[in-house]
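Worksheet: one structure, shown below.
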Amino acid sequence: MIVAGPGDSVRFAVVDPSDGRRSMTWTVKTSKNSTDVYVWARAMGAIWKISMHESGDWYAGYHGLGIERFVTPGASRHFDKWRRPNEFHPGFHRSIEIVFPDCELRPLPAGVDEPKPKKGKVEPIPAPGVGNVAVVEIMFGPAGPWTNVVVVENAYDFATLVRPDGSVVRVFAMQRPWDEADRVRVQRQRDDLLLRAPEEWWTTVSAPRVAALGAHDDDGVRFVIDVAAERPLASVPSSSS
């Protein structure tokens with residue numbers, strides 16, 4: 001298991017070594033001086049991230065280049081805001097899930113390499129197989145064993161990040177079936193996002209992908225789905241223009 005201290009980060013990607021298909025590389029990072037936690041995809045790390053603050057105010061929004069390129073003057077840089085979910089047990093909180101459908105994994109384009117981290121390694125998570133999704137869930141709780149509180153079916157925890165107050169962030173990976181209704185809904189959401197994407201998007205990411213953000217209806221916990229982002233034909237400039 002990976003163990004990281006305050007201010008450090010953990011990186012992971014879903015990878016199928018048999019054919020080179022993979023997701024984006026994702027990073028989870030703690031703060032050195034607070035219990036804030038940040039999550040982002042490395043290919044888009046200069047554009048947007050998820051910020052889960054000690055105050056309980058949590059955001060998904062643009063920063064850096066993302067503000068310059070995608071936020072109109074006077075508009076909010078946050079495209080989602082929510083409050084930290086209620087404890088499911090004293091001291092324990094769910095935060096977000098990152099969902100990786102096997103059918104959305106892609107090999108990197110020829111000549112394109114995933115950005116390499118400055119330190120540490122990228123933890124490979126096995127591809128879930130046809131008809132399934134890999135799910136990474138990030139939970140917050142106290143130090144020590146969670147055995148009597150957290151039971152995640154068919155999961156393993158591959159990383160623990162210690163926060164300055166001694167509490168921890170634990171990162172679990174698991175596999176689930178990919179429901180057809182979910183697939184259709186995500187396809188619709190992805191198509192809408194890509195049709196509205198400004199031209200700059202296609203020159204910003206190294207291997208075009210998109211992260212579709214949603215919420216569970218029962219408890220408001222957010223999830224992010226890492227999917228391939230083939231450019232819609234409607235957005236490709238005509239060669240005759």
Side-chain angles (χ1 to χ4, degrees), residues 1-17 21-54 58-61 63-64 84-85 91-100 105 108 113-128 133-147 149-150 152 154-176 205-207 209 211 213 221-226:
M1 179 193 290
I2 301 168
V3 178
D8 289 334
S9 57
V10 168
R11 302 165 187 86
F12 55 89
V14 174
V15 179
D16 188 335
R21 296 180 308 123
R22 56 170 294 141
S23 69
M24 290 185 282
T25 295
W26 288 79
T27 299
V28 180
K29 179 176 172 55
T30 55
S31 170
K32 222 171 192 177
N33 303 308
S34 72
T35 60
D36 294 355
V37 177
Y38 306 96
V39 178
W40 67 89
R42 283 186 59 80
M44 296 183 287
I47 301 172
W48 70 269
K49 65 181 176 180
I50 295 171
S51 305
M52 295 175 281
H53 294 293
E54 186 174 309
W58 291 3
Y59 306 96
H63 71 112
R84 176 177 52 223
F92 289 82
H93 295 271
R94 296 183 66 196
S95 65
I96 64 169
E97 291 181 341
I98 308 173
V99 181
F100 304 91
L105 303 178
L108 289 174
D113 293 319
E114 181 73 8
K116 289 187 172 28
K118 292 180 181 177
K119 63 177 181 177
K121 69 179 184 104
V122 176
E123 180 73 12
I125 295 171
V133 296
V135 179
V136 170
E137 176 148 7
I138 302 166
M139 294 187 188
F140 303 162
W146 289 15
T147 312
V149 176
V150 177
V152 184
N154 298 322
Y156 68 97
D157 53 331
F158 64 86
T160 297
L161 298 94
V162 181
R163 301 194 284 185
D165 67 349
S167 65
V168 298
V169 179
R170 291 180 66 176
V171 188
F172 295 84
M174 65 206 81
Q175 295 183 0
R176 296 176 186 162
V205 293
S206 58
R209 299 187 68 83
L213 185 67
V221 171
R222 267 34 177 193
F223 61 86
V224 187
I225 303 182
D226 181 333

- Can you name the residues that form a salt bridge (Lys or Arg N to Asp or Glu O under 4.0 Å) with E123, not counting sequence neighbours? K121

- Note on the structure: OG (S31) and CD (E54) are apart, to the nearest 0.5 Å, by 8.5 Å

- Item | Smallest separation among heavy atoms of A4 and S9, with atom names | CB-O, 4.3 Å

- Message: When you compare the side chain of V224 with that of V99, does any pair of heavy atoms fall below 4.5 Å?
- Response: no

- Message: For L105 versus A127, what's the shortest heavy-atom pair and its separation?
- Response: CD1-CB, 3.8 Å

- Message: Over 60° means perpendicular and under 30° means parallel, so tell me whether F172 and W146 are parallel, tilted or perpendicular.
- Response: tilted

- Query: What residues, two or more places apart in sequence or in another chain, satisfy side chain to side chain contact (heavy atoms under 4.5 Å, CB included) together with A159?
  - Reply: I2, V10, V171

- Message: Could you walk me through whether R42 and R11 satisfy the side chain to side chain contact (heavy atoms under 4.5 Å, CB included) test, starting with their C-alpha distance in whole Å, then the side-chain angles of each, then the deciding distance to 0.1 Å, before giving a yes or no?
- Response: CA-CA 9 Å; R42 283 186 59 80; R11 302 165 187 86; 4.0 Å; yes

- Heavy-atom closest pair (P142 atom, G91 atom, distance to 0.1 Å) is CD-O, 3.6 Å

- Atom of G141, atom of F92 and distance for their closest heavy-atom approach: CA-CD2, 4.1 Å

- Message: Determine whether a donor-acceptor pair (N or O, by modelled atom type, separation under 3.5 Å) exists between the side chain of H93 and the backbone of P85.
- Response: yes

- Message: Within the structure provided, determine whether T27 and V39 are in side-chain contact (heavy-atom separation under 4.5 Å).
- Response: no

- To the nearest 0.5 Å, atom OH of Y156 lies from atom CD of Q175 at 8.5 Å

- Hey, mind stepping through M52 and R84 against side chain to side chain contact (heavy atoms under 4.5 Å, CB included) and telling me if it holds? CA-CA 8 Å; M52 295 175 281; R84 176 177 52 223; over 6 Å; no

- Item | Side-chain heavy-atom pair W40, W48 within 4.5 angstrom cut-off | no

- Task: Under the side chain to side chain contact (heavy atoms under 4.5 Å, CB included) rule, collect the residues that match up with A13, sequence neighbours excluded.
- Result: V15, R22, S23, T25, V122

- To the nearest 0.5 angstrom, please state how far the CG atom of L161 sits from the NZ atom of K29. 9.5 Å

- Is it true that a side-chain atom of D8 and a backbone atom of T30 form a donor plus acceptor pair closer than 3.5 Å? no

- Euclidean distance, L213 CG relative to R222 CZ, rounded to 0.5 Å: 7.0 Å

- Sorted by chain and number, sequence neighbours left out, side chain to side chain contact (heavy atoms under 4.5 Å, CB included) with S51 holds for Y38, K49, H53

- Item | Heavy-atom check, side chain of I125 versus side chain of V136, under 4.5 Å | yes

- Query: What residues, two or more places apart in sequence or in another chain, satisfy salt bridge (Lys or Arg N to Asp or Glu O under 4.0 Å) together with D36?
  - Reply: none

- What's the spacing between I50 CD1 and I96 CD1 if we round to 0.5 Å? 4.0 Å

- Query: What distance separates F100 CZ from I225 CD1, expressed to the nearest 0.5 Å?
  - Reply: 10.5 Å

- Pairs in or reaching into residues 157-173: which pass salt bridge (charged side-chain N to carboxylate O under 4.0 Å, His left out), with residues at least two apart or in two chains? D157-R170

- Those residues that, when tested against A143, pass side chain to side chain contact (heavy atoms under 4.5 Å, CB included) (two or more places apart): V168

- Here the pair of heavy atoms bringing V14 nearest to P126 is CG1-O, 4.0 Å

- Sequence neighbours excluded, the answer for side-chain hydrogen bond (donor to acceptor under 3.5 Å, both in side chains) partners of E97 is R94, R176, H216

- Query: What are the two closest heavy atoms between K32 and P6, and how far apart are they?
  - Reply: CG-O, 4.0 Å

